[in-house]
Every structure is written in structure tokens, then in C-alpha cells.
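Lettering of chains follows the sequences in order, A, B, ..., and the numbering in each one begins at 1. This one's a predicted model, so the numbers in the text were calculated from it and none came from an experiment.
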Amino acid sequence: MSATRLASGGRIDRTQALDFSWDDRQYQGHPGDTLASALLASGEQILARSFKYHRPRGVMSAGVEESGALVTVGSHERRDPNVRATTCELFDGLAAHGQNAWPSVRFDVNALNGLFGRFFSAGFYYKTFMGLPPFEWGRGTGLWMQYEKLIRKAAGMGEASRAPDPDSYEHAHGFCDLLVVGAGPAGLHAALSAAEAGLDVWLVEQDFALGGDYLNQPDADPDELVARAEAAGVRILRRTTAFGLYDNLVAGLLERVTDHLPNPGAQLPRQRFWYLRPRAVVLASGAIERHIAFGDNDRPGVMGAAAARSYLNRFGVLAGQRVVIASNNDSAYAGAAELARAGASVSLLDARQTVSEELRATLGDSGVELLSGSAPLRANGAKGVQGVEIASAAGSGWRADGARPCDALLVSGGWSPVVNLLSHRGVKPVWDAELTCFVPGDSEENIFVAGSAAGIWNTTACEQSGRAAAARAIAALGQSTAVVAMPARGGWQQPIQPLYEVVVDGEKLKSFVDPQHDVTADDVRLAHREGFVSVEHLKRYTTLGMANDQGKMGNVIGLALMADALGREIPEVGTTTFRPPYTPVSIGALTGRNSGEHFRCLRRTPMHDWNLARGGVMTMAGLWHRPWYYPRAGEGLGEAYVREATTVRETVGLCDVSSLGKIAIQGPDASTLLNRVYSNAFAKLPVGKARYGIMLRDDGIVMDDGTTWRISEDDFFMTTTTANAAKVMVWLEELLQTRWPDLKVHVSSVSDQWGGCAVAGPQSRECIAACLEDPQMMDNEAFPFMGVRETMMTGGIPCRIARISFSGERAYEVYVGADHAEQMMDMLWAQAEARGGCLYGLEALGTLRIEKGHVTGAELDGRVSIEDAGLGGMASQKKSYIGSVMQQRPELLREDRPRLVGIFPKDRSQTFNSGSILCAAERVEGLGEGWITGVTHSPALGHWIGLGFVRGGHQAWAGKTLVAADPVRKGNIEVEVVSPHMFDPSGERMHG
Amino acid sequence: MIRIPCPFCGERDHSEFSYGGDGSIEYPELDAPAEQWHDAIFLRDNIRGMQTETWQHSSGCRLWLLVERDTLSHEIRSVRPAHAGIAQALEAQR
């Protein structure tokens, strides 16, 4: 037990206690605590087990870069794994558990993995157990596969809940002049001065407290600055991470709305995903303190020096009683003195040989023992640091030089500016050898970097850099403003000394570079020895920087070690590109409201409720809910559709066809447009007539089919397939706006404005006539096949009727305004029901059209020419139209192309499956001779039938046997190929 | 997120638009020789830099647009209606 809560100090509210649990034991913390600070204050040191070796880990930082204290928060369906305890705001009732350990993080059976480190070195996925007796003997047996499972189980992190997420999330959109990322000294000053200049400013801060590094300093008070910014109109979002910066500076923000609330109201989303569109961005995203690679530098109690300062000044937690600080730069000095004044005995190892008098003076009378030219060689203590072996500078290297006890070992290896968001914009960071860190490169966009993100280390200079960045943003947005000088980078009294790893000859050390993924300095060197020279390959082979901190802690050390192995400089080795998100984003937030039944939009026809009330079972057709079948008592799908199809052929049936695409095509050149778009002639279509049309793509392949009705000279009503309604609409608009701007035509989608019902069967005419104000108009002579009429249904409901048939029966499609759709159905159904008719759904519709050999989306799949579909006779020879030239390509004219055919099982009692491959009987292999697109039981023919495509068409296979090969599902069935017009080929029934 | 300034609706997210294709293609007459159609349909340059594209503001005014976009930086240099008459009418209103 090393860390302790101090009696006073810090920015926590000691007057209130918050109860929380850790591994089912009860603890208390205070408002203002993080889970990490509260656990440290309670003396808990081991909070996690590492990824591969199950080594004990504790708190290593005080921020988003945390690689040690990853815990699981919440339980059951709200279990949230891999939460960084260092950013988890404490609340009353918080329940957290250790992860990747059994039975607990304090005692973990899998820690034995550490003894087998040899198996888990770099690239262990690729080399597992190969050539390693006795495991090698399992090779080629089932046992071999079990090894991988065991490894996967042992190596891992927290486990996500498998239950559906009970919380809601939302997406929100925002606009502003200036986005300031980070509410530290630079960000607050940038936001304030931009707002005072009249800009609309958003300031986002990932922390729950505002102030950034002010919060880590003993005497700073950011509250007054925050109040001024708010008064100036700055919109401040706390607990909000700018996780990505995209084209046109669109920023992705994740606002954690209720994660910190003990009892979030049901009305609030858990998280809010913002799309913010600023015109300029100031990045004041700070810097992250680096570690140093030395032996066992992952022991609980080894922590960042700045983190310990933060725990002291912000959380009132003293990291240890006997503290050793290891540094290679000035930044650790202030914290060292503060820790000593708070009661710890502090030794400061400075890697630099000489320390200037000015720098020494900053320690004042705090009693810090300063050892220059010293660095940590190895941390001692199995489950928590108990001492440190020290190395002294010797020539250009190090030699072992004694040890001393400690209960906290604090490390500062330099600072890495957070340049991630600039990297998202494709701006490569630049290596600054003097500061030994990557600093932001120049952006051509309105992005301005301030504070320690720009490599400025001094608080006062950071404040000025914020004002300077704001002035640049204001100027970039076209407002005049006073120029503020941007302070120079750096700001320490004495230069940093590069120090990435401490090694001493003869000492075997386990020095972690990326502690979260258990990548050691030896792993980096091993990768180099195995031939990896690119940093991108190094990353993938060792998994360095691929943990959920994405290399925030270890990347630079890894690069430095690789550069050293290659004998090159760091900038020559390069840096990996940071990609969004900066910190993890939950899938729920990405999804927002688009989950469950809102996953995609749902379209209902205007008679949806009517269909449901009549027992319709729905199915999805694209976005549409369409009636599938209408079962009667005791019927399943199979019985219902056969009955429905039979009833249509014998009496009459009604089918909701409202989902068909409907386009109003109006204007003096409307017939010209149609004549160019459709492959068959439309110019001379008389008023009051409909025509079936096929449109091709530019390349001569069939795009869509449907009927188009001529309502008046310059007013057409086009119907499209349900699936292609939007595509056809877009296509017509494209043609009119980009290719034929001279045509005077207006197209509007009216799909939702009309409700449509197909009335099919021998008694369809009588059914409709009984519903019309003028029944005589339905006479065969007055209303012939393919006729179109506008008339009134009883009660003065205007309607459009076309005598067209998809089923092959005498049939009509009746359309009324969507609001009248249910009335229309009531009237038609009263007539149909009285005649023994039925309602039929999509399944029976399919049966009827397959019997007739009518094509639909399953056949017109984007590979089929008009000839292939057996519709070549319809194409006009007298005119040019879209696709008319390209459909004559030699390949499309080959006689042996797959052509539409009908398919019967050879043994008529057998069934076969849609999707089967058609093969010649003697050669059931490969791609075969064709395929099957649709099958149904045909009540009209009394057996199963299908449609499909076969090389050369049905004439080529007359009298021969093919095999419908479906080896996985049904097996192979012998079939014969017939004309696709399997029922009533002469069309007597629909003309009668 | 690319932002596209629609000449009719103003600047909007690219998610409101649908990409069309190469805006520099001159489609031949319907009865033009197959070679011309072949070139217009199948031959495309893979441009590194500024290219002219068609986009439709499908969730907005439904105008088809000619957009000059840099394929490297996604910078949008110009946007105008593909239909010259509409472009003129919009220009006249300015």
C-alpha cells in the first residue's frame, strides 16, 4: 500500500462521499475523482493484467494514454470493457471489475504465461508452437487447432456484453466559425479571444473538468477564465472528444452524456455523436508524457511523473512515501518539489550529466535529492515496485550503480505533442531533434496549433500561443485583427537529453515499449533481426501501437529503437500515420438511432393496415413491407400461395401493387423522351393506351421494365419495378439534365401519391365494374387489352385503370390517390369476396408470373440482354434508343449465350431449388450450362416449375436432360428445359 | 465529409449527393458508331488531381451538377448545374 489520500488539497470535494465497488468490494471516493484516483487513494495498486503475459499492472498515467489500468465498468447488458480507469469519472454506485484475469487481477493463474515468454514474442501468431516439441507433435492433428483457441483465450482483454445494448444514442449536427480542441491554457485563451472578436466558437474538452494542465498545477485557477469564455459566448462541451477531423474540417465529436450519472434518465441518450462543421480549427490538444524503456518498467507503482503531479495537485493523492523520479528533461522538477513538500521523500534521477544552477534552484528547499547522470535500470518488486536499480552514465552508455528502495517510480522520458487530428488531415508530423519529439507540420487548411500540441512547454507561452492561433483563425475567416506573435517552441531551461532505453551490458531486461500489448524492446530488435525494416511492418509484426491507446505511450520509443537497430535517425524511419478515432468510439454512438427496426427506413403501402387486418403476412421487398400471403385457418405459406394462385386463374384475386415505381412524365417532348429511353416504339402510343416497355443501359444490358400509360398527349404515367423505382427516376433526370437539355419534359416521382391494386382473374371485369360510377365502360370493346381509362369509383373517387396483366389472366391495375386506397380496397374486396375471390400476395404473384415466363428482378440481374430475356422481338428496328448500338456487340449476339427458359423436373413429382446450377447430365461440374432464377409449384400445371437461363436457350436442349445441381442443399435433380411460356402461351386468357 | 456548395441549395454534406461519374464525357448520338459508344462508356482516365465529375443532389433539389474536384485533396474548385439553361437562370438571379 503506497499511495495515500492527503488530508487537504486537490480539486475534489471531500465533503461528499461517493460509494463505488471494485471487484465487488466497497470503496469510497469524492466528486472530482476518477476511478483511478479513487482506487489509488484507497491503496489499490494492481488494477489489471497484461495482454499476453498476465503481468500485474497498475495506474501508469492520468489520462487517455493509459495502458495499465484498463477495467470493465458496469455489468450485464451494460458491461463496458477496456475502460481507462484514469478517464472514468467517479459516480455514486459505480461498479468496476478487473479483466483478463482469473480468479482476479491480484492473483491470476494465467500469470504462468510470463514463464513462457519465448512463445509469445514478436510474431507469435505466425510461429506458434512450430518446431517446439512436444507441441510440434500435435501438428496435423485436431489438437493443433486447439492450441490457437487456448492462446486466444489466454491473451486478451475485457469481454463485451453479448446482450443487446439497452441504451440509446443519438447523432447531432452543428455549425460554427471556430472549433477549439482542448480547454487547457492554450485552448481557453484561444476560445476567449476568438469569441471576443465575435466568432461563433465551440470549445470541446474530453475531460469532465475544464482547465487542462491548469488542473495539475497547485496554484492555477481556470474557473475565472472559463467563466469569461462562457460570458463571451463560447459554447463549451465537456466530456466531449474530438476523435476525428475529416474533409472540409468536418469534425467528429463524441459527447458522453450519461456515462458519469448514477441514474441517467431514460430520456437522455448515453452518448451523442456530433458532426460539427467549423470553418477553422484551433488544436490545443496538449502533449503526452513518454516513458523510458528499462527493466520491468511496467510494475504497478511505475507511473508518469506528470501523472503523479496530477494525482497530487488535482486529486489530493500522494503517489508514494518514498518516491524516485527518473527524468531526462526539466518538466519533472516542479512535481518533484511539490511531492517532497507534500511529505514524500523524493530522489530525482536526471539522465543529464550536469544540471544547471537555475534548474537546481527550482527545487528550492523542498529536500529533493538530485542525482544527475542517473537513470533507472530495473524496477524491483513482483506485484508492486519496492525499489529501483540505478544506472549511472558511463561514456556513451550506462553502468549499474546500486539500488535504492522506493514505493513509487515516476518517469518522464520527454513529451509527445498530440498531433493526431492534424495527421487525420494528411499532415505529417515533423521530427524536432532538439525537443526530441514530433511537432505538427504545416497545414494548408484553416487549422492552427497552439500550446504543448505545438511543442510549447511553458504555461505563459501556451496562453499566448492560444491567442496567437485565434488571431490567425480570425484573419483566415476574413476579419481584421491585431497580430499576436506565436511563441517559439520549447521553453525549458536546459535541453532535453534523448533517452529511450536504459541498457547495461550483461543485464537481461524485460523493458516494455508498448505495455498494453506487451511489446518489449527485445521484440522490436527481434523484428529487425527477422528482416523488418519498415516501421509499418514493425507495427504489424510486433503489434506495437495497435492496442486501444494506439501507440500514445510507446510509439516514439519503438521508432527510436528501430532507428537505432537500423543505424538511422528517427525521421528516416518515419512515423506511423494516426487515423481516427483518437480514442475509442462505441459502436452504439456510430449507429445512433439507426438500430433495430430503425436500422433502415421502412416503406409501407397506403393499404398496409388494411392488408394486416385481412391477415396478410408481410415480407421485405427492398425497403417495402409487402403482403407475402394471406393464410386461412390451418394454412402455411405452401398451401396459401397455391390456393391464391389457383383462385386467380379460376375466379379473381386482388393484389396490393402500390410499391411499384410511378413516375409522371409530362411536357411536349415527353413521347420523344420515352421513345429514346425504351427499346420499343412509344412515339405513336395513342392516348388511352398502355404499353409494356423495356429500357436498356448505355451498354445494351436490360435496366428495367414496366408499363407506361398515355394519359393525354403530353402526360404519361410510367410504372417501374419496385426495386428499380429510384434508379429509373435518377436515370431520367440525368438524361434530361446532362444529355438532352433541349427536351421539354418534366419528371416527378409519384410512387407515394398513388395506391394501386391488381385485379386479376376471369371475373376481374365484373368486380371492377360493380365499383364504378359507370359500369358500362368496362365492356370488352369499350376497354380493350392495354387500354387506359380515367374514371370515378362509386362515391366520387377518381381512379386510373389500365387493362394490363402480369398474371396472364384477364387483369387490370386500378390506382387511386393514396388517401383513397383503403376505400378502394373495401369496395373491390366486397365484390371479389362475394365471387369467391381472394387476396393474393407476393408468393402467388411469383407463381403466376413464372407460369407465364414473365421476367422480374431475379432474371434482369444486370447481365442479361433483351435477347437473353427472350424479348428481342419487342425491340424496335426502326429507331435508335439508349443501348441500341451497344446491344449489337458481338458477344451479346452469340447464339450460345444463356437464354431464358422454363424448367420442368423430369420426374414431375420432384421439386428443385432456385439458385441451382444447370449442368449437362454427363458433366455435373464447374459453372455448368446455366442457372435457375425462380421456382414454384404450379397449380395450373400440377407440378413444380422454374425459370432460368441455359446456354443457347430451350431449342438447344430440346429432348435432352439437364441436372439442376444443388449439392449443398437438395442434391442433383434431373430436369428438362422448355419454353419459358409454360402456361397459356398464346395469351388467350388475358385478351379475352 | 466533403462539403459541396450546391448552386441551388447552398453548401451541404456530400452524403446528400450521389456520385454520377466522369463529367467530361460527351455522349455520342444514339445512332453513333459502336466505337464512339465504346469509348464513351468504357474508357476512363484515372486522374490524379482536378477532375470533372457529375453529382446529383439526390436528397436536395435533385439537380445534376458538374463538380470540379481534386482527387488528392478533395478540394472542390467549382460546382455548376449540368443543364446549361438552369445554370443560366440561376446566374441571372444572382
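- Using a 4.5 Å heavy-atom cut-off against chain B, the contacting residues of residues 243-252 of chain A are Y246(A), D247(A), N248(A), V250(A).
- For the set G426(A), S884(A), S880(A), the count of heavy-atom pairs under 4.5 angstrom toward chain B peaks at S880(A).
- W64(B) approaches V730(A) most closely through the heavy-atom pair CZ2-CG1, 3.6 Å.
- Of the atoms belonging to S73(B), it is backbone heavy atoms, and not side-chain ones, that fall under 4.5 Å from chain A.
- Contact of I41(B) with chain A is made through the side chain alone, with heavy-atom distances under 4.5 Å.
- A pairwise comparison of heavy atoms in P33(B) and V885(A) identifies C-CG1, 4.2 Å as the closest pair.
- Only the side chain of W740(A) comes within contact range of chain B, with heavy atoms under 4.5 Å apart.
- Other residues, nucleotides and ligands place more than 12 heavy atoms under 6.0 Å from the NZ atom of K879(A).
- Remark: L893(A) CG is packed, more than 12 non-hydrogen atoms of other residues, nucleotides or ligands lying under 6.0 Å away.
- In the displayed structure, D442(A) atom CG is contacted under 6.0 Å by at most 12 heavy atoms of other residues, nucleotides or ligands.
- In terms of modelled atom types and a separation under 3.5 Å, the side chain of Q737(A) and the main chain of P81(B) share no donor-acceptor contact.
- Interface remark: I76(B) contributes no atoms to any contact with chain A (heavy atom separation under 4.5 Å).
- Heavy atoms only, all atoms of each residue included: F42(B) and R889(A) are closest at CZ-NH1, 3.7 Å.
- Counted within 6.0 Å of CZ on F8(B), heavy atoms from surrounding residues, nucleotides or ligands total 12 or fewer; the atom is thus considered open.
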